[in-house]
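What you see below is based on every heavy atom in this structure, not just the backbone, and it leaves out hydrogens, waters and symmetry mates. Chain naming here is simple, since letters A, B, ... match the order of the sequence lines and numbering starts at 1 in each.
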Amino acid sequence: MNDLDGLKRTCYCGEVREEHVGSRVTLMGWVNRRRDLGDLIFIDLRDRTGLVQIVCDPVRSPHSFDAAKCLRSEYVVCVIGRVVERKPGTENPNIPTGNVEVLADTIKIFNCAKTPPFVVRDEAEPDESIRMKYRYIDLRRLPMMNNLKLRHEIVLAARNYLSANGFWEIETPAMTRSTPEGARDYLVPSRQEPGRFYSLAQSPQLFKQLLMISGVDKYFQICRCFRDEDLRADRQPEFTQIDIELSFTDEEQVYDLVEGMMKHIWKEVLGSDLCVPFPRLTWDEAMERYGSDKPDTRFGMEISDITDVIRDTEFSVFKNAIGAGGTVRAICVPGCAELSRQTLDRLTDKAKEIGAKGLISISYLPDKEIKSPVKKHLTQEEIIGIKQITGAEEGDLVLIVADEFDTAVGVLGRMRKEIAQHLGLIPEEAFDFVWVTEFPLLERNKEEGVWQAAHHPFTSPSTRDLKLLDDLDEQLKGKLRARAYDLVLNGVELASGSIRIHRRDIQEKVFELLDLSLEEAQEKFGFLLDAFEYGAPPHGGIAFGLDRFVMVVAGANTIRDVMAFPKTTSGSCLLTGAPSEVSPDQLKELGLRLIEDNTDHARARINQGKTDSPPEV
RNA sequence: GGAGGCGUGGUGUAGCCGGUCUAACAUACGUGCCUGUCACGCACGAGAUCGCGGGUUCAAAUCCCGUCGCCUCCGCCA
């Protein structure tokens, strides 16, 4: 009584409409809810498309009525019945199928279900850890189901677009060689060569460049990437890229291609027209105006440089900052002149938390009055000048940070976003794309003080900087620009790419800049350097973070909501229990031995019932 | 590695400046009643050693310490 018996579904629950009225349908799905009115039972039947109401009437069909009596939430059933229009006054405008209902003739139970750990209802979300443990139930909720669908549609549209534009989808190894640059690698021990390891690919970067050297010309891949770094709302240890590379290209061709792809996806998936080309900002401009390399351009409150206005000031905070080679920057917060002392203090604390020495406020009150803790240190001209440059009007609040450039704009950039969010100044429905171009080639690692590739070491220096490579001092290193670009959507870094180096001599010079000796370079990347000598075409590309992309389009706050089976912030999967211990035999086969470890942690976990076997250490 | 938040019946919350907590409310669950519900309604019922361990106290969900888990952020993420 629990297999299909030749039954065939005629349509999905959420698709039953007026046009089906009069016809018999066979539906299969889960019992979302049962409303037992005594001598009449309503069942909401659910599948991935939505809900439809089933009516079980003892007079019409005693058999199905009896069956309906024992149904419970999440039972899996087949319902055969006739679609009818609902009686006037009983329609439900809240669901798409609300004008019709199905009069059940037959109800067949495929499977019973235990009472679920949480109600499968769209609104109420239980704690995320419970959703993760029972992810298969969580995904039954239509918002989650719709996210999965959206993700599929975006991937499909991207794939179709790229294929139509001559790109071939080619797979590259997930298990590859560990390379020194970049994130921490996930390592896979080799059984056949004990003591050696594969690394899970952080991206297909090197392989796609080799494909260009092969003459593939246009490549793409929907590719899983692995990086062993700490998690965030928008970061998982395994994530998916839409990876694209093409030969004989420059920046403009990449921008064109990507804008076309976005336009296509918006049309196909959202049914709306996207305005292209996207605006562009150089990295310098982005930092100047937004204090971020991924500016949210959906709202104003841009950062102003007020250094010139107060250049001759006597106010020591400004004076000292400028004297030390720093700068004084400000943002104007509209309509917030009357913020309480307490709120301002909180903002100041926040600014200090993220690196500023302090936060100076000037309130331009409606009656031309000025309120500011530093009022007496500034001249009237300075106060007016600041008002003009920041575009502040009466009723507005100006927040000022005096510091090194990076700190000043960085702090204000973050304040800008947080305050705008708090004030509801961000139009949630908008999709504002912006290209950020001309990234620095190198950036200094704060901890070790060494220079690192800002994008990756295969990025071409900008053409005008090429001649500088031979004769560089430390100062110049930070000024070098790269042929690298990011696509930013609503303040989220969606995609990142560059025109690559395709000549051995230049690649070697860049390795040198990165303090990678020739021997090391040959040892780690020799295969690429060699390949450059066998006819490497100019090439470049871009890679999208698919999870973030879908997150933004779905309006989700975390990529976990657009991934079927994500991991927790500590990198574990609450559903499967990964990562798990493995048997001594497995370790032995790989030539591995665990070192003696403090097992308190493991023991505490066991006490919590989070693991099912004692550690094998 | 660091900072912060949270952890109370299945689920979501209240209680948290110690005693009246014999732990409240909603929902889910069970039984019964109900022919137009759609967050159905009504009645009754069952369900929690307050994450775990230790400490302070006459007394701990409540205070302290440790620990585990989840979340957010910094570092990290070519």
* To do: Using a 4.0 Å heavy-atom cut-off across all strands, classify A/I130 as base, sugar-phosphate, or nothing.
  => sugar-phosphate
* To do: In sequence, state the C-alpha distance, the side-chain angles, and the governing distance for A/R235 and A/E229, and then conclude on salt bridge (charged side-chain N to carboxylate O under 4.0 Å, His left out).
  => CA-CA 9 Å; A/R235 257 163 42 191; A/E229 297 292 350; over 6 Å; no
* With a 4.0 Å cut-off on heavy atoms, is A/E128 in touch with a base, just the backbone sugar-phosphate, or nothing at all? -> sugar-phosphate
* To do: Take A/K357 and A/D403 through the test salt bridge (charged side-chain N to carboxylate O under 4.0 Å, His left out) and record every step on the way to the result.
  => CA-CA 8 Å; A/K357 293 185 192 75; A/D403 214 307; 3.1 Å; yes
* Want to settle it: does A/F458 or A/P58 sit nearer the 5' end of RNA chain B, counting the closest nucleotide to each? -> A/P58
* To do: Would you mind telling me which of B/rC74, B/rU35, B/rC29 lies closest to the side-chain atoms of A/T115?
  => B/rC29
* **Donor-acceptor pair present, A/E101 side chain and B/rG36 base, under 3.5 Å** => yes
* Asked: Is any N or O donor-acceptor pair between the side chain of A/R227 and the base of B/rC77 shorter than 3.5 Å?
  -> no
* Asked: If you look at every strand shown and take non-hydrogen atoms under 4.0 Å, does A/T90 touch a base, only sugar-phosphate, or nothing?
  -> base
* Asked: Counting any heavy atom closer than 4.0 Å, what does A/T569 reach on the DNA or RNA strands: base, sugar-phosphate only, or nothing?
  -> base
* Single hit among A/R121, A/K114, A/R34, A/R46 for salt bridge (Lys or Arg N to Asp or Glu O under 4.0 Å) with A/E74 -> A/R46
* Establish, with yes or no, whether the OP1 or OP2 oxygen of B/rU35 is under 4.0 angstrom from a side-chain nitrogen or oxygen of A/R60. => no
* Report which part of the nucleic acid A/R414 touches: base, sugar-phosphate, or nothing (heavy-atom distance under 4.0 Å, all strands). => sugar-phosphate
* To do: Assign A/S203 to base, sugar-phosphate, or nothing according to its heavy-atom contacts below 4.0 angstrom with the strands shown.
  => base
* To do: Check the angle between the aromatic planes of A/H502 and A/H539 and answer parallel, tilted or perpendicular using the 30° and 60° thresholds.
  => perpendicular
* Looking only at N and O atoms, is any donor in the side chain of A/R35 or the base of B/rC34 less than 3.5 Å from an acceptor on the other one? -> no
* To do: Could you check A/N92 against A/E443 and say which one's nearest nucleotide on RNA chain B is further toward the 5' end?
  => A/N92
* Drop me the distance from A/I107's CD1 to A/L27's CG, to the nearest 0.5 angstrom. => 10.5 Å
* May I ask which nucleotide in the shown strands pairs with B/rA59, Watson-Crick or G-U wobble, both distances under 3.5 Å? => none
* Taking the side chain of A/L40 as its heavy atoms from C-beta onward, which of B/rU35, B/rG1, B/rC70 lies nearest to it? -> B/rU35
* May I ask you to verify if any side-chain N or O of A/T558 is less than 4.0 angstrom from the OP1 or OP2 atom of B/rC71? => no
* Asked: What class does the angle between the rings of A/F458 and A/H456 fall in, given that below 30° is parallel, 30 to 60° is tilted and above 60° is perpendicular?
  -> tilted
* Structure fact -> Paired to B/rU11 by Watson-Crick or G-U wobble criteria (both distances under 3.5 Å) is B/rA26
Please list, pair by pair, any protein nitrogen or oxygen found under 3.5 Å from a nitrogen or oxygen in nucleotides 46-50 of chain B.
none

* Please work out if A/R33 contacts a base, only the sugar-phosphate, or nothing of the nucleic acid, heavy-atom cut-off 4.0 Å. => sugar-phosphate
* Identify which nucleotide among B/rC76, B/rA28, B/rC70 has an atom closest to any side-chain atom of A/E229, counting heavy atoms from C-beta outward. => B/rC76
* Asked: Which is true for A/T179 with a 4.0 Å heavy-atom rule: it touches a base, it touches only sugar-phosphate, or it touches nothing?
  -> nothing
* Which residues share a side chain to side chain contact (heavy atoms under 4.5 Å, CB included) with A/Y12, sequence neighbours left out -> A/R9, A/E15, A/D47, A/R48, A/T49
* **Under 3.5 Å on both distances, the Watson-Crick or G-U partner of B/rG75** => none
* Asked: Counting only heavy atoms not in A/K69, do more than 12 sit closer than 6.0 Å to its NZ atom?
  -> yes
* Counting any heavy atom closer than 4.0 Å, what does A/P126 reach on the DNA or RNA strands: base, sugar-phosphate only, or nothing? -> sugar-phosphate
* To do: Please measure how far the C1' atom in B/rC52 lies from the corresponding atom in B/rC68, and state the result in whole Å.
  => 7 Å
* Asked: Across the strands shown, which category fits A/R184 at heavy-atom distances under 4.0 angstrom: base, sugar-phosphate, nothing?
  -> nothing
* Asked: With a 4.0 Å cut-off on heavy atoms, is A/Q205 in touch with a base, just the backbone sugar-phosphate, or nothing at all?
  -> base
* Structure fact -> Sorted by chain and number, sequence neighbours left out, side chain to side chain contact (heavy atoms under 4.5 Å, CB included) with A/R35 holds for A/R33, A/L37, A/F42, A/D44, A/Q53
* Determine which nucleotide pairs with B/rC70, using a 3.5 Å limit on both distances of a Watson-Crick or G-U wobble pair. => B/rG5
* From the list B/rG36, B/rC70, B/rC73, which nucleotide is the closest neighbour of the side chain of A/S570? -> B/rC70
* Structure fact -> To the nearest angstrom, the CD1-C1' distance between A/I54 and B/rG36 comes to 15 Å
* Would you indicate, yes or no, if B/rU72 has its OP1 or OP2 atom less than 4.0 angstrom from a side-chain nitrogen or oxygen of A/R560? => yes
* Euclidean distance, A/I506 CD1 relative to A/L466 CG, rounded to 0.5 Å -> 5.0 Å
* Hey, is the side chain of A/T568 poking within less than 4.0 Å of OP1 or OP2 on B/rC70, counting only N and O atoms? -> yes
* Return yes if the base of B/rG12 and the side-chain atoms of A/D127 contain a donor-acceptor N/O pair under 3.5 Å, otherwise no. => no
* Asked: Is a donor-acceptor contact shorter than 3.5 angstrom present between the side chain of A/R232 and the base of B/rG75?
  -> yes
* Would you say A/F118 stacks on B/rU11, if stacking means ring centres under 5.5 Å apart and planes within less than 30 degrees? -> no
* Does B/rC16 have a Watson-Crick or wobble partner in any strand here, with both distances under 3.5 angstrom, and which is it? -> none
